[in-house]
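Quick notes on the structure that follows.
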Amino acid sequence: MGKRVALVLAGCGVFDGSEIHEASAALVHLSRGGAEVKIFAPNIEQRDVVNHLKGSPAEEKRNVLVESARLARGNIQDLGELKASEFDAVIFPGGFGVAKNLCSWAVDGKDCTVNEHVKSTLQAFHSAKKPIGLCCISPVLAAKVFPGCEVTVGQDKNVDGRFPDAETASAIAELGCKHICKNVNESHVDKANKIVTTCAFMCKAPLHEIFDGIGTMVQEVLKLA
């Protein structure tokens, strides 16, 4: 029997929701790993809406659950209905929606608050000693909720201009967590907390390398489940 995995989305689109390629990569690797997946998102209003063609704010409002349903092909549930007891693991793709809708990192950095359903979901899986997979910016959720944990968002310096958001590693360290430097095609396993992270689009890399890195994260999550 395949592992039962919950995938939590934050909208649809890199600048105001979940990063589409990351969500798709996670789903492909989960499918290849024989996992049974259910998709969730919080039923809340997005912090903002971005015109992805122009890269500028749009004067409209959108709902995170409704937008996430685009990625889920309509097969999605309210995050408030997620029961950790029904799953073996949980995975959070990245995208600015994580830092805007699932928490306030985009505005408040390390002083951010985490959405109550997101926080309770993370705590429930952690308490049950079930693995948590996070990629791109989403490892900051673990850093905020689980002080002392180990995560990666890639490198802590902008190596060859490939890691423009390297300062995120310093903010993670300021939260009392340990940042582990990893390449884009690698993931880090915090065995004590069963947290698996990979940097994905925090690195400027070819899409196939990001896809492969997410694959290592998913594989490690399934091994721990």
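Basis for what follows: all heavy atoms, side chains included, without hydrogens, waters or symmetry-related copies.
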Kindly indicate whether the side chain of [X], heavy atoms from C-beta on, has any atom under 4.5 Å from the side chain of [Y].
X	Y	value
Val114	Leu102	no
Thr121	Val118	no
Phe15	Asn51	no
Asn63	Glu45	no
Thr198	Glu186	no

Determine, using ring centers only, whether His117 and Phe40 are less than 6.0 Å apart.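 No, the ring of Phe40 stays outside the 6.0 Å limit from the ring of His117, centre to centre.
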Heavy-atom pair with the smallest gap, counting every atom of [X] and [Y]:
X	Y	answer
Val50	His52	O-ND1, 3.0 Å
Phe163	Lys157	CB-O, 3.8 Å
Gly17	Asn101	CA-ND2, 4.4 Å
Ala35	Leu222	CB-CD2, 4.2 Å
Glu60	Val49	O-CG2, 3.4 Å
Gly154	Cys199	N-CB, 3.3 Å

Any side-chain to backbone donor/acceptor pair from Thr197 onto Thr152? Under 3.5 Å, distance only.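 A pair under 3.5 Å: yes.
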Before accepting this row, confirm whether a basic side-chain N of the pair [X]/[Y] lies closer than 4.0 Å to the acidic partner's carboxylate O.
X	Y	result
Lys83	Glu81	no
Glu209	Arg162	yes
Lys100	Asp48	yes
Lys223	Glu220	yes

Does the plane of the ring in Phe87 sit parallel, tilted or perpendicular to the ring in Phe125? Use 30° and 60° as the thresholds.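 Judged by the thresholds at 30° and 60°, the geometry between Phe87 and Phe125 is tilted.
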Pair Phe146, Leu122 - check side-chain contact (heavy atoms from CB on, under 4.5 Å), show working. CA-CA 9 Å; Phe146 307 119; Leu122 288 166; 3.9 Å; yes
Check step by step if side-chain contact (heavy atoms from CB on, under 4.5 Å) holds for Cys149 and Val151. CA-CA 7 Å; Cys149 71; Val151 299; 4.0 Å; yes
Please say whether more than 12 non-hydrogen atoms of neighbouring residues, nucleotides or ligands are located less than 6.0 Å from CZ in Arg47.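 Check passes, neighbour count above 12.
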Would you sort out whether Arg4 and Glu36 count as a salt bridge (Lys or Arg N to Asp or Glu O under 4.0 Å), showing the intermediate values? CA-CA 5 Å; Arg4 301 164 300 169; Glu36 177 188 337; over 6 Å; no
